[in-house]
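First the structure, in the form of C-alpha cells, and then the observations on it.
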Amino acid sequence: MEQAGHTFRKQERICGKKDIERLLQEGRYGHASCLRYCFLPENGASCNRILVSVPKKYFKRAVRRNLLKRRIRESYRLRKTMLQGGHGIDLLLIYNTKELLGYSEISRAMETVLTEVTDRVSKMEVQDGQ
RNA sequence: CAGGAGGGACGAAUCUGCCGCGCUGCGGUCCAACGCCCAUAAAGCGCUGGAUUUCAGUGAGGAAAGUCCGGACAGGACAGGGCACCCUGCUGCGGAAAGCGCAGAUGGGAGUGAUUUCAUCCUGCCGUAACAGAAAACAACCGCCUGCAACCGUCCCUGCCCUCGGGCAGAACGGAUACAGGUAAGGGUGAAAAUGCGGGGUAAGAGCCCACGGCGUCCGCCAGCGAUGGCGGGCGGGUACGGCAGGCAGGGCCUGCAAGACCAAGUAUACUGGCAGAUGAGGGCUGCCCGCCCGAUGCCAGGGGGUAGGUUGCGUAGAUAAAUGGCAGACCGGUGCCUUCGGGCUCCGGAACAGAAACCGGCUUACGGUUCCUCCUUUCAU
RNA sequence: GGCUCCAUAGCUCAACUGAAUAGAGCAUCUGACUACGGAUCAGAAGGUUGGGGGUUUGAAUCCCUCUGGAGUCA
C-alpha cells in the first residue's frame with residue numbers, strides 16, 4: 001500500500017504477542033551505530049510495520065525512554081519511503097547506547113539501517129527465486 | 001541590606017509557522033456481515049463493525065513517582081457468638097477513614113532567635129550487660145562510729161610490794177587486730193549512682209527534724225470544652241529509660257482492576273498416591289471452639305493439557321506494545337570575534353524533578369525558578 | 001499496574017533476644033618445605049554491614065526514607 005504523506009498510523013506498528021514472537025524467532029539481526037535492528041519480510045500485512053524498543057537497562061527514567069522512542073519514530077516517519085519490497089517488512093529497532101543522542105544522529109543511523117535492510121531483503125528474494 | 005524560619009500560589013513561563021500523534025463529535029468515501037424490498041439476483045434503503053479523510057474540540061503532574069496508609073468498587077467467604085491474632089493509643093475540632101490534617105497540653109533534645117524534632121492510656125514483672133566501678137537499683141564492701149574481749153604504750157589516780165630508784169595489778173586515754181552492731185554523709189568509675197542548699201541534731205550519721213526549693217499524690221478554689229495550668233493546704237519516699245506480659249478504649253474478614261463480567265477460540269482432568277463413607281465421610285465459616293450450613297461418590301496432594309484474542313469494568317486525557325515529537329524563524333539572556341560604534345557574525349541556553357495505565361483522600365521522597373504573606377538575628381540610619 | 005522478598009570481605013554464607021575486636025570456607029599476598037611448581041604448614045591483608053537519617057549509653061540487628069536487584073499474578 002502506497003501511503004502518500006509522511007504519516008505514521010497504528011497499523012504500521014506491530015501489535016500482538018504472536019507477531020512479536022515470530023519476529024524475534026525468525027528474524028535476521030544487524031546493527032548500525034546506535035541502533036540494533038531485526039527484520040522479517042512477508043509479514044502478511046499490507047504495509048511495513050515497525051517496533052521500537054529502548055531498554056530499561058540503559059535509561060532508568062521513563063521520560064528519557066519515551067523521548068528516544070519518539071525521536072526514532074519521527075526519523076522512521078520521515079524516511080520510510082526508502083524501505084521497499086519484501087511484501088511487507090516487520091522491523092524491530094532497539095536503541096543500543098547509554099548516551100542520550102539527539103535527533104540528527106538518530107536520523108543518520110536510521111538512514112543506514114533502512115538501506116541495509118532493503119539490500120538484504122532484495123538478496124533474499126533473489127535466493128528464493130533461484 | 002545580608003542571612004535565616006514558617007506558610008501559600010504557579011510550574012514548557014516567550015511567540016509564530018509547517019509536518020506528525022491519541023481520543024471524541026457532525027459529515028464524506030470504501031469494505032464486510034445482517035435486515036427490508038425482491039426472483040435465493042442486481043440496484044436502492046436501514047443498521048452494526050472496521051479502514052480512511054475535511055473540519056471542530058480536547059490531550060499528562062505537583063509530585064502522575066515510591067506503593068507507606070486509608071476509602072470506594074469488585075470477587076471469594078459469611079446465621080451468629082466467644083477466644084486468639086494484628087494495628088493504633090495526650091486533648092479538642094475537621095474528616096468516609098487513615099501510621100491523616102489543624103489548633104493546643106506536658107516532658108526531653110537542637111538553635112542567639114523565629115522555629116523545629118521526638119515521646120505520651122492503666123497495671124505488674126524483668127532488665128539497664130562486658131569493661132570500669134565498692135555498688136547497676138534488693139543488698140553487701142571500703143570507710144566512719146559504738147560496744148565487748150585479749151595485747152602494747154603513756155601520764156594521772158587507787159591498792160599491794162619495796163632495796164624509796166621503782167615494780168606489779170586495776171581504772172582512764174591512745175594505737176592496732178578480731179568479733180557484734182549502727183550507718184548510707186564520702187568512695188577517682190560510668191551513658192546513668194535513689195532530692196539540692198543551709199541549719200539543727202547525733203557516738204558517727206541519715207528527710208531523722210526544720211525553712212526554702214524540686215518530685216509524686218490527694219483535697220479545695222480559680223482558668224480552660226478538654227489534655228492541663230495557677231494558688232493554698234494535707235500526705236509521701238521515691239524516680240528515670242527500655243523490654244515483656246496482662247488489661248482498657250477504638251478499629252480490623254481475605255484478595256486485589258492482571259479484581260471481576262460477557263463473547264470468541266480451544267483442550268484430556270491422561271496418570272500416580274492417599275482418605276473416607278447416609279451410624280454423616282468430606283468441605284466451608286482467616287487460626288481454634290461452640291454453633292451453623294452444604295452434603296453423595298466425594299475430597300486432598302502431586303502431575304498433565306488448552307487459551308492467553310476482543311468487548312466491558314473505563315472516566316468530557318485515557319490505551320491494551322502504550323498518544324505531546326521534529327524542523328525553521330523571530331525575541332530574550334550570556335560568551336567570543338570584527339567594527340565605519342549604527343551594528344554584524346559564530347556558539348550556547350530559554351529550564352529542574354520528571355510521563356497518567358482503574359479511581360479518590362492523605363503521607364513520603366525528588367526539584368530549576370518566579371511571586372506573595374508573617375516572623376527572627378546581625379549591622380547601619382532615625 | 002498490583003503483591004512479596006533480598007542486599008554483610010573479590011565469591012558463598014554466619015553473627016541468638018540490640019552489647020563492643022563483625023566470624024568461617026574458597027580466592028589473594030608473604031614466608032617455610034622443594035632443583036622448580038603443585039599440595040601442605042605458618043602468618044598477613046582485605047568490611048563506610050547498599051546510602052542517609054532517627055531511637056538508644058551503644059545499631060549488621062529496631063523504625064523511617066532512598067538506591068539497586070530478584071520472584072509472582074490472568
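Being a predicted model, the structure only gives us computed values, none of them experimental. In what follows, chains are A, B, ... by sequence order, proteins preceding strands, each numbered from 1. Basis for what follows: all heavy atoms, side chains included, without hydrogens, waters or symmetry-related copies.
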Exercise. Toward the 5' end of RNA chain B, which comes first, A/Val52 or A/Arg64, by nearest nucleotide?
Worked result: A/Val52
For this session: Tell me the partner of B/C141, counting only Watson-Crick (N1-N3 plus N6-O4 or O6-N4) or G-U wobble (N1-O2 and O6-N3) with both under 3.5 Å; none if nothing fits.
Result: B/G187
Problem set entry | Syn/anti state of B/A278 by chi, 90° boundary around 0 | syn
Problem set entry | Rounded distance in Å - CD1 (A/Ile94) to P (B/A321) | 18 Å
Exercise. Which nucleotide, in any strand shown, forms a Watson-Crick or G-U wobble pair with B/G232, with both distances under 3.5 Å?
Worked result: B/C219
For this session: Please work out whether B/G280 sits syn or anti, treating a glycosidic angle within 90° of 0 as syn.
Result: anti
Exercise. What is the base-pairing partner of B/A60, counting Watson-Crick and G-U wobble geometry with both distances under 3.5 Å?
Worked result: none
Exercise. Which heavy atom of A/Arg120 sits nearest a heavy atom of A/Tyr29, and at what distance?
Worked result: NH1-O, 3.2 Å
Problem set entry | Same-atom distance (P) from B/A301 to C/A59, integer angstrom | 49 Å
Exercise. Using the purine O4'-C1'-N9-C4 or pyrimidine O4'-C1'-N1-C2 torsion, is B/G166 syn (within 90° of 0) or anti?
Worked result: anti
Exercise. Measuring from A/Ile94:CD1 to A/Cys38:SG, what's the distance to the nearest 0.5 Å?
Worked result: 7.0 Å
Exercise. Quick one: are A/Val54 and A/Arg64 in side-chain contact, heavy atoms under 4.5 Å?
Worked result: no
Problem set entry | Whole-angstrom distance between B/G25 and B/A42, as gauged at atom C1' | 36 Å
Exercise. If anything within 90° of 0 is syn and all else is anti, what is B/G342?
Worked result: syn
Exercise. Mind telling me whether B/G165 is syn or anti, cutoff 90° either side of 0?
Worked result: syn
Below 3.5 Å between N/O atoms, which protein atoms pair up with nucleotides 324-328 of chain B? Just atom names and distances, please.
residue : atom : partner : partner atom : Å
B/U324  : OP2  : A/Arg70 : NE           : 2.9
B/U324  : OP2  : A/Arg70 : NH2          : 3.3
B/G325  : OP1  : A/Arg70 : NH1          : 3.4
B/G325  : N2   : A/Glu74 : OE2          : 3.1
B/G326  : OP1  : A/Arg71 : NE           : 3.3
B/G326  : OP1  : A/Arg71 : NH2          : 3.3

For this session: Take atom P in B/A354 and the same atom in B/A64, then report the distance between them in whole Å.
Result: 15 Å
Exercise. About how many Å separate OH of A/Tyr76 and CG of A/Leu93, when rounded to the nearest 0.5 Å?
Worked result: 8.5 Å
Seminar exercise, completed: Any strand, both distances under 3.5 Å, Watson-Crick or G-U wobble: B/U120 pairs with B/A105
Problem set entry | Rounded C1' spacing from B/G6 to B/C69 in Å | 27 Å
Exercise. Taking the same atom, C1', in B/U239 and in B/G207, what whole-Å distance lies between them?
Worked result: 16 Å
For this session: Using the C1' atoms only, state how far B/G101 lies from B/A258, rounded to an integer number of Å.
Result: 35 Å
Seminar exercise, completed: Between A/Leu51 and A/Asn66, whichever has its closest RNA chain B nucleotide further toward 5' is A/Leu51
For this session: Write down the partner of B/A193 under the Watson-Crick or G-U wobble criteria, each distance required to be under 3.5 Å.
Result: none
Exercise. Of the non-hydrogen atoms in A/Thr112 and A/Thr115, which two are nearest, and what is the gap between them?
Worked result: O-OG1, 2.8 Å
Exercise. For atom P, what is the distance between B/A323 and B/C21, given to the nearest Å?
Worked result: 14 Å
Exercise. Out of curiosity, A/Leu114 CG to A/Ile50 CD1, how far, rounded to the nearest 0.5 Å?
Worked result: 9.0 Å
Check nucleotides 367-369 of chain B for protein N or O atoms closer than 3.5 Å to its own N or O atoms and list the pairs.
none

Exercise. For A/Lys69 and B/G355, what is the distance between atoms NZ and C1' respectively, to the nearest whole Å?
Worked result: 11 Å
Exercise. In the structure shown, which nucleotide is the Watson-Crick or G-U wobble counterpart of B/G170, with both distances under 3.5 Å?
Worked result: B/C157
Problem set entry | Distance, nearest 0.5 Å, that separates NZ of A/Lys123 from OG1 of A/Thr118 | 10.5 Å
Exercise. Distance between the C1' atoms of B/U183 and B/A171, in whole angstroms?
Worked result: 31 Å
Exercise. Across all strands shown, which nucleotide pairs with C/U28 by Watson-Crick or G-U wobble geometry, both distances under 3.5 Å?
Worked result: C/A44
For this session: Can you tell me the pairing partner of B/G205 across any strand shown, Watson-Crick or G-U wobble, with both distances under 3.5 angstrom?
Result: none
Problem set entry | For A/Ser75 against A/Met110, the heavy-atom pair lying closest together | OG-CE, 3.4 Å
